[in-house]
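Take a look at the structure below.
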2 protein chains.
Amino acid sequence: MPGKRVTLADVARRAGLSTTAASMILNGRPDTRLSREAHDRVIAAAAELDYRPNVAARGLRTDRTNTIGFVSDVVATTRFASGLIKGALEEAHASGHVLLVLETEGDPRRESEAIEAVLDRQVDGIVFATMRARDLFIPPLRQRVPVVLLNATNESYADSVLPDEHTGGRRAVDLLVDAGFGDGILLLGHNAVKEEGLFRSTTVARRIAGIRERMNEHGLQFIDEESIWLWEPEHGYTGMKRMLKKHGRSITAVLALNDRLAFGASQAMAEAGISIPADISVVSFDNDEIASYMRPGLTTVALPHEEMGRVAVRMMLDPATSGEQLVDMPVVQRESIRER
Amino acid sequence: MPGKRVTLADVARRAGLSTTAASMILNGRPDTRLSREAHDRVIAAAAELDYRPNVAARGLRTDRTNTIGFVSDVVATTRFASGLIKGALEEAHASGHVLLVLETEGDPRRESEAIEAVLDRQVDGIVFATMRARDLFIPPLRQRVPVVLLNATNESYADSVLPDEHTGGRRAVDLLVDAGFGDGILLLGHNAVKEEGLFRSTTVARRIAGIRERMNEHGLQFIDEESIWLWEPEHGYTGMKRMLKKHGRSITAVLALNDRLAFGASQAMAEAGISIPADISVVSFDNDEIASYMRPGLTTVALPHEEMGRVAVRMMLDPATSGEQLVDMPVVQRESIRER
DNA sequence: GCGACCTGCTAAAACCATTTAGCACTAACT
DNA sequence: AGTTAGTGCTAAATGGTTTTAGCAGGTCGC
């Protein structure tokens with residue numbers, strides 16, 4: 001690690017040419033009329049000196065830094081949604097970009113700060129990500145940069161990436177119906193009557209809509225719907241317990257609105273001596289880590305976080321794609337549904 | 001979001017002073033002799049124009065960008081270790097810095113690329129993080145920047161942040177001993193005889209050493225040690241199943257080397273009709289998400305990922321602290337240990 | 001023999017800040 | 001009166017790149 005950086009001037013000097021020539025050659029400008037010979041000399045000199053252009057200096061001139069701002073509420077921070085960042089990192093890497101990651105905890109002041117911070121660093125664009133898909137407040141930007149919303153929506157910005165929850169919801173229903181279930185399916189997490197008019201995040205609303213639509217198409221009704229506001233295991237546990245007390249063995253299958261609820265429900269079933277899938281089949285959403293830890297494994301409609309992250313960055317870099325991109329939610333087949 | 005950036009020259013012009021004066025004033029240089037009046041005018045102009053210095057331009061001159069490179073194998077990527085990044089982000093934010101996050105998947109070529117990429121962007125320093133603490137290979141750096149290893153070690157770099165596994169190991173033993181256990185404790189995950197000479201990561205080795213040391217001090221022996229190479233739930237399940245068959249009810253407590261093993265073990269126990277903590281007490285390590293999902297909750301010695309991330313960035317910014325920083329592993333008390 | 005055009009290259013400006021060196025002027029001291 | 005010291009400020013260099021404008025010399029056409 002010797003002292004000074006190697007600069008373009010060093011390369012030019014070594015090649016016996018001007019920095020202009022060196023710059024043009026190294027950037028592969030097509031219209032230039034520099035000789036073959038000059039090309040060779042510059043390339044050689046750059047290689048010998050192990051020259052790396054200074055991104056800051058270049059950015060100053062060109063306004064492009066190959067750096068993307070990734071501003072999120074609690075994405076990196078949260079085990080759950082870290083796939084978003086993983087996908088974004090991958091895609092950024094693939095196109096020679098780098099991610100400046102900031103987290104705001106959803107605090108509007110920190111959000112403004114974060115935006116300033118990334119704009120100060122001349123990012124080529126900003127991805128705003130949220131852990132739970134929602135309408136995101138975005139303070140006015142003092143500069144015009146491409147913006148993509150990841151797992152979020154905002155009426156001033158059209159470009160967003162969301163999971164295709166509607167189709168996902170339909171798929172979950174089909175998993176049960178295809179396995180022969182019809183009566184006795186319990187919906188765990190949401191009750192249409194009780195939660196009438198209450199706000200659920202954009203995507204969850206679509207998930208539920210897809211479920212109901214497909215149930216209707218099959219001419220099916222849930223045996224019951226248990227409203228659960230927080231979707232953590234303990235709430236699934238208590239909710240399921242209540243339902244078991246109420247309906248006993250007439251419950252044949254559980255459609256849980258996420259894996260953590262399903263996990264909690266499975267604990268309640270285990271306590272009641274009910275086994276999955278022999279007695280009750282279970283299907284759910286997210287493909288959270290817990291789904292693979294369960295025994296038997298939980299069949300679930302996956303939240304395609306990584307792919308979403310990739311799509312967001314791709315969209316950010318390609319001006320052609322725009323609008324709302326829906327990413328497919330694939331079924332992850334495990335052993336929690338019994339064929340009837 | 002109007003067209004052009006506001007530059008220092010704009011501010012200076014508006015204040016009727018030179019850019020030199022504006023720069024000095026805005027940077028609060030102490031030795032300057034500019035009038036009170038000039039100060040006020042510049043400050044006012046900057047505020048009115050909403051001036052933000054261009055970090056790239058400044059960095060070009062000062063070599064400081066208030067940006068830190070966070071280069072990791074699979075930290076952001078992995079649900080498990082994302083606390084490391086969270087802590088680092090927090091601490092960076094607290095000191096007005098920003099994190100450039102790159103992931104290498106542990107691939108040496110990508111690692112070199114990542115280093116080049118962050119150096120190209122003139123970072124003020126680099127944090128190298130790994131998901132599982134290990135000796136990390138670091139390619140030679142072409143420039144002299146501060147380097148801190150997070151959850152990793154490397155013989156050329158002294159500054160590193162690690163969990164205090166030795167003490168953590170001792171604590172796990174004490175949790176059981178204090179609750180009245182002595183005979184019948186099973187060590188799940190490692191067998192001294194079988195794994196003799198095999199490599200376990202640096203920190204896991206210390207964890208195990210701490211456990212053994214404390215057992216010896218108490219004059220205790222494990223009833224058995226089950227060697228398990230991969231520490232996922234399924235391995236805990238099969239391992240525990242084997243042990244139950246071998247020792248039956250003479251196992252009184254399980255000391256599992258991580259929470260996922262413990263979770264797997266709990267599944268085996270549930271199948272055998274053994275309940276935690278009534279029949280067998282369990283203690284473990286990591287404070288993985290799964291530990292709080294279990295029912296009853298799993299008492300565990302936490303991996304202090306967030307604090308480690310914070311310490312790493314603090315260390316990076318403060319030349320005074322150096323060497324190997326051990327971060328305390330706190331006990332997270334839940335309900336998996338019965339008082340005897 | 002003269003303008004037009006091509007070829008191969010470079011000087012200098014621009015990007016936006018920080019920093020060094022120093023100017024012009026007043027006040028104080030010998 | 002002449003030197004020194006202090007005050008309040010600025011011109012210009014600097015950092016490393018890209019880009020615009022253009023120079024010098026040759027060839028071609030007529």
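Sequence lines set the chain letters: A, B, ... in the order given, protein chains first and strands last, and positions in each chain run from 1.
If you check the side chains of B/Glu103 and B/Ser72, you find a donor sitting under 3.5 Å from an acceptor. Side-chain N/O atoms of A/Arg121 and B/Thr67 include a donor and acceptor closer than 3.5 Å.
Atoms CZ (B/Arg36) and P (D/dG8) sit 13 Å apart, rounded to a whole Å. Between the CZ atom of A/Arg52 and the P atom of D/dT17 there is a distance of 12 Å, given to the nearest Å. D/dT14 atom P lies 19 Å from atom CG of B/Leu8, rounded to whole Å. For A/Asp10 and D/dG15, the CG to P distance is 11 Å, given to the nearest whole Å. As a whole-Å value, the separation of B/Ile25 CD1 from D/dC9 C1' is 10 Å. Nucleotide D/dA11 holds its P atom 13 Å from the CE atom of B/Met24, rounded to whole Å.
Residue A/Thr20 has its side chain nearest to D/dT20 when only D/dT20, D/dG16, D/dC9 are considered. Counting only heavy atoms from C-beta on, A/Ser23 has its side chain closest to D/dT18 among D/dT18, D/dA11, D/dG16.
Taken residue by residue, residues 56-68 of chain A places heavy atoms nearer than 4.0 Å to DNA chain C at A/Leu60, A/Arg61.
Every residue two or more places apart in sequence or in another chain was checked for a salt bridge (Lys or Arg N to Asp or Glu O under 4.0 Å) with B/Glu289, and none qualifies. Here A/Asp107 pairs with A/Arg109, A/Arg110 under the side chain to side chain contact (heavy atoms under 4.5 Å, CB included) rule; sequence neighbours left out. Contacts of B/Ala158 classified as side chain to side chain contact (heavy atoms under 4.5 Å, CB included), with partners at least two apart in sequence or in another chain: none. Residues meeting the salt bridge (Lys or Arg N to Asp or Glu O under 4.0 Å) test with B/Asp159, sequence neighbours left out: none. Considering only residues two or more places apart in sequence or on other chains, A/Glu37 meets the salt bridge (Lys or Arg N to Asp or Glu O under 4.0 Å) condition with A/Arg41. Applying the salt bridge (Lys or Arg N to Asp or Glu O under 4.0 Å) criterion to B/Glu48, with sequence neighbours excluded, gives B/Arg14. Considering only residues two or more places apart in sequence or on other chains, A/Ile25 meets the side chain to side chain contact (heavy atoms under 4.5 Å, CB included) condition with A/Leu34, A/Ala38, A/His39, A/Val42, A/Ile43.
Counting only residues at least two apart or in different chains, salt bridge (Lys or Arg N to Asp or Glu O under 4.0 Å) contacts with residues 313-323 of chain A comprise A/Glu91-A/Arg314. Residue pairs meeting the salt bridge (Lys or Arg N to Asp or Glu O under 4.0 Å) criterion with at least one partner in residues 51-70 of chain A, sequence neighbours excluded, are A/Arg52-B/Glu116, A/Arg52-B/Asp120, A/Arg64-A/Asp124.
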Base-pair string, DNA chain D, Watson-Crick plus G-U, cut-off 3.5 Å on both distances, | for inter-strand, is ||||||||||||||||||||||||||||||
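In the 5' to 3' direction, nucleotides of DNA chain C lying under 4.0 Å from heavy atoms of chain B begin and end at C/dC16 to C/dT20.
Residue A/Arg5 places none of its side-chain N or O atoms closer than 4.0 Å to OP1 or OP2 of D/dG15. Between A/Asn54 and D/dG15 there is no side-chain N or O to OP1 or OP2 distance below 4.0 Å.
Residues A/Ala38 and A/Thr19 both approach DNA chain C. Their nearest nucleotides, taken by heavy-atom distance, put A/Ala38 toward the 5′ side.
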